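So the structure is just underneath, and the comments pick up after that.
Both counts, for ligands and for their atoms, begin at 1 and track the order of listing. Remember, it's a predicted structure, so these values are computed and weren't measured experimentally.
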Amino acid sequence: MSLPAAWSKCWASQTSKPTLWDASAGWISRGDLARRTKAAAGRLFGAGLRKGDRIILSAAASVDLVVAHVAALRLGLIVVPVNGAYQQGELAHIVGDAEPRAAVVDNPQWVRWLAELAPEILVASPRLDLDDAAAPSLDQLSSRDPALLGYTSGTTGVPKGAVLTHGNLLAGAESVRIAWRWTPDDRLVLALPLFHMHGLGVGLHGTLLTGASAVLLDGFSASAVLDAAEAHDATLFFGVPTMYTRLAQSHRVSELSRLRLCVAGSAALPADLHRRLGEAADVRVLERYGMTETIMLVSNPYDGERRAGTVGFPLPGVELRLAPDSGEVLVRGPNVFAGYWRRPEATEEAFDEDGWFRTGDLGEFDEEGYLRLRGRAKELVISGGLNVYPREVEDALRSHSGVDDVAITGTPDEEWGELVTAWVVPVAGNTPKLEDLRSHLDGVCAPFKHPRLLHLIDELPRNALGKAQKHLLG
Ligand code: MCA
Ligand code: AMP
């Protein structure tokens, strides 16, 4: 089955049941969503978009954005969610690679960049202010049809589009629906961006599949989340660890206890923070583990101990094992993506000979079978739940006149999880300051990738092959 076919089954009953809220639209019902997405699909069709065409989606969370996303999927378009903080070069890479025919964006600067990069692309705001046209037949898709390109660097190299089929997305949403006892009566406070898998593939798709409801916030603050939970009688909250750190700092933290379930993921939730939330708010946060390529993989149990410092057990339908030599987490299942967009070699490298996907994460099981992630085989820094690929930042910094050599690592940090850290061998007589490096990256890399710490060193430790040995830094 396709995602929209599963959703529309649910929209056919209890059509007046509230489903989505945002600050400007208020509540819209299941019936409204069915009607509005049909009309929006008609407008996209009228503008010439056809099954298999790619459409970029990048905007603050809103009912309009959800309508555009669902309409695109109902029409068989392939949605390409993109982080709105990306700069022109980062956007150019995705435009060149995905070759989208349309883009739904809310950033005026992006409208200008897209006009320069690819003037043939149809650009619309999330309201889809396009001419009305009759909706063609919708939801005519199979589980194998591609639904989404999620850009991620995988274990190495440049950002690649992970092709997620309708079947993958459905399996991803279904596994957490079962595991977390998600019911139509649940209401999620959704303060995550809709351009990453956590907010989109888990928060939004899970809500729509279950026939539950969600309060969409266009950004995170502890008070906005707690206000929304109270005003709308919410039952669920999903967040990255940085959000939980900020909630734990709020004098209102005990209000989290009004929720039935708080889920954390995208980066490691510190065991100490898990305990503090238990003590201050009587909340047993449920930590889970996922990836863009696989949606959700492993989760602490709903019943039973939610063990701090672990991610729990494989979700329904997910097979998981550890590579005997390295301990790398290997997975299989209906949730695992179909391959990287137009990159057969990268796809081949990502799977072993028996079809297990290599996650690039290193794990171990504790005595009761809970999975603990103990590091990564891939080079990656995760700051505030967002991935930063060291190679990309290093390449951008090498063109600074004061940088002779550079390595990027992550320094553990209570609020952000890891801080992007630059280790620089300066050019004699031209030693750069942190601010110089950050402004050198302005317009080149999204601000969350800019280093927050700088260490000046005489030389980088390298192995015999010339590869920087980052574990020796710090
Ligand atoms: C914002 N800034 C950041 C980050 N976010 N810097 C480093 N890391 C970040 N993640 C910068 C801003 O550019 C700004 O820089 C400064 O921090 C202050 O912004 P602030 O207002 O404090 O930040 P915020 O807007 O409150 O954002 C923090 C946030 C946000 C709410 C934690 O980063 C966020 O929503 N993260 C979640 C991302 C996510 O959805 N990840 C899931 C990926 P300046 O001051 O220089 O202008 S999916 C995934 O990982 C898999 C599937 C999974 O398992 O879930
Ligand atoms: P992304 O490629 O953006 O989907 O990020 C996926 C990566 O986030 C995984 O491969 C892990 O390294 C990391 N990740 C996700 N959830 C967790 C978690 N609960 N604990 C530690 N790392 C996590």
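- Contacts between Leu269 and ligand 2, counted as non-hydrogen atom pairs separated by less than 4.0 Å, are absent for every part of the residue.
- Looking at Arg246 next to ligand 1, an N or O pair under 3.5 Å apart turns up.
- Using modelled atom types and a 3.5 Å distance limit, the side chains of Arg144 and Thr165 yield no donor-acceptor pair.
- Counted within 6.0 Å of NE2 on His251, heavy atoms from surrounding residues, nucleotides or ligands total 12 or fewer; the atom is thus considered open.
- There is a protein heavy atom less than 4.0 angstrom from atom 8 (N) of ligand 1.
- For a threshold of 3.5 Å applied to N or O pairs, the pair formed by Thr242 and ligand 1 contains no separation below that value.
- Between His196 and ligand 1, not a single N/O pair is under 3.5 Å apart.
- Closest to atom 33 (O) of ligand 1 by heavy atom, among Gly417, Pro447, Gly384, Gly201, is Gly384.
- Taking a cutoff of 4.0 Å between a charged side-chain nitrogen and a carboxylate oxygen, Asp233 and Arg187 do not qualify as a salt bridge.
- The neighbour count for Glu116 CD, taken as heavy atoms of other residues, nucleotides or ligands under 6.0 Å away, is above 12.
- By the criterion of a heavy-atom distance under 4.0 Å, the side chain of Arg438, and not its backbone, is placed next to ligand 1.
- For atom 14 (C) of ligand 1, no protein heavy-atom neighbour is found at a distance under 4.0 Å.
- Heavy atoms of Met197 found under 4.0 angstrom from ligand 2: none, in either backbone or side chain.
- Ligand 1 has no atom lying under 4.0 Å from any heavy atom of His450.
- Backbone and side-chain nitrogen or oxygen atoms of Gly290 are examined, and one is located within less than 3.5 angstrom of a nitrogen or oxygen of ligand 1.
- At a 3.5 angstrom cut-off on N or O pairs, Ser383 counts as close to ligand 1.
- Lys378 places a side-chain N or O within 3.5 Å of a backbone atom of Thr359 that can act as its donor or acceptor partner.
- In terms of N/O distances under 3.5 Å, ligand 1 is not approached by Pro193.
- Protein heavy atoms all stay at least 4.0 Å away from atom 18 (C) of ligand 1.
- By the 3.5 Å distance cut-off applied to N or O atoms, Arg288 is counted among the residues near ligand 2.
- Distances from atom 15 (C) of ligand 2 to the heavy atoms of Gly290, Gly417, Gly385, Pro241 show the closest one on Gly290.
- The closest heavy-atom contact to atom 22 (N) of ligand 2, among the options Leu373, Leu297, Thr359, comes from Leu373.
- Shown here, atom 44 (P) of ligand 1 is out of close reach of the protein: none of its heavy atoms lies under 4.0 Å off.
- Between the CZ atom in Arg246 and the CD atom in Gln249 there is a gap of 8.0 Å [rounded to 0.5 Å].
- Every heavy atom of Gly199 sits 4.0 Å or more from the atoms of ligand 1.
- Within the structure, the closest approach of Lys378 to ligand 2 falls below 4.0 Å when heavy atoms are considered.
- Side chains of Glu345 and Tyr340: no donor on one and acceptor on the other come within 3.5 Å.
- Considering both main-chain and side-chain atoms, Ser266 comes within under 3.5 Å of ligand 1 through a nitrogen or oxygen pair.
- In this structure, atom 29 (C) of ligand 1 is not in close contact with the protein, since no protein heavy atom lies within 4.0 Å of it.
- Annotation: Asp361 places an N or O atom under 3.5 Å from an N or O atom of ligand 2; distance criterion only.
- In this structure, atom 50 (O) of ligand 1 has a protein heavy-atom contact shorter than 4.0 Å.
- Among Glu415, Glu418, Arg288, Lys449, the residue whose heavy atom lies nearest to atom 54 (O) of ligand 1 is Arg288.
- The side-chain contact (heavy atoms from CB on, under 4.5 Å) test with Ser266 singles out one residue from Met243, Arg288, Met197, Met291, and that residue is Arg288.
- The only member of Phe313, Tyr289, Phe365 that meets ring pair (Phe, Tyr, Trp, His ring centres under 6.0 Å) when paired with Tyr370 is Phe313.
- We find that Glu305 and Arg307 are joined by a salt bridge, their nearest charged nitrogen and carboxylate oxygen being less than 4.0 Å apart.
- Taking a 4.0 Å cut-off on heavy atoms, His196 fails to register as neighbouring ligand 2.
- Electrostatic pairing of Glu414 and Arg276 counts as a salt bridge here, judged by a charged N lying under 4.0 Å from a carboxylate O.
- Under 4.0 angstrom from ligand 2, the non-hydrogen atoms of Ala267 all belong to its backbone.
- Inclusion of Gly385 in the set of residues having an N or O under 3.5 Å from an N or O of ligand 1 is warranted.
- There is no protein heavy atom less than 4.0 angstrom from atom 25 (O) of ligand 1.
- Of the inter-residue distances, the one linking Leu454 atom CG with Trp423 atom CH2 reads 10.0 Å to the nearest 0.5 angstrom.
- A salt bridge between Asp227 and Arg252 is present, with a side-chain N of the basic residue lying under 4.0 Å from a carboxylate O of the acidic one.
- Of the heavy atoms in Arg452, only side-chain atoms (C-beta onward) come closer than 4.0 Å to ligand 1.
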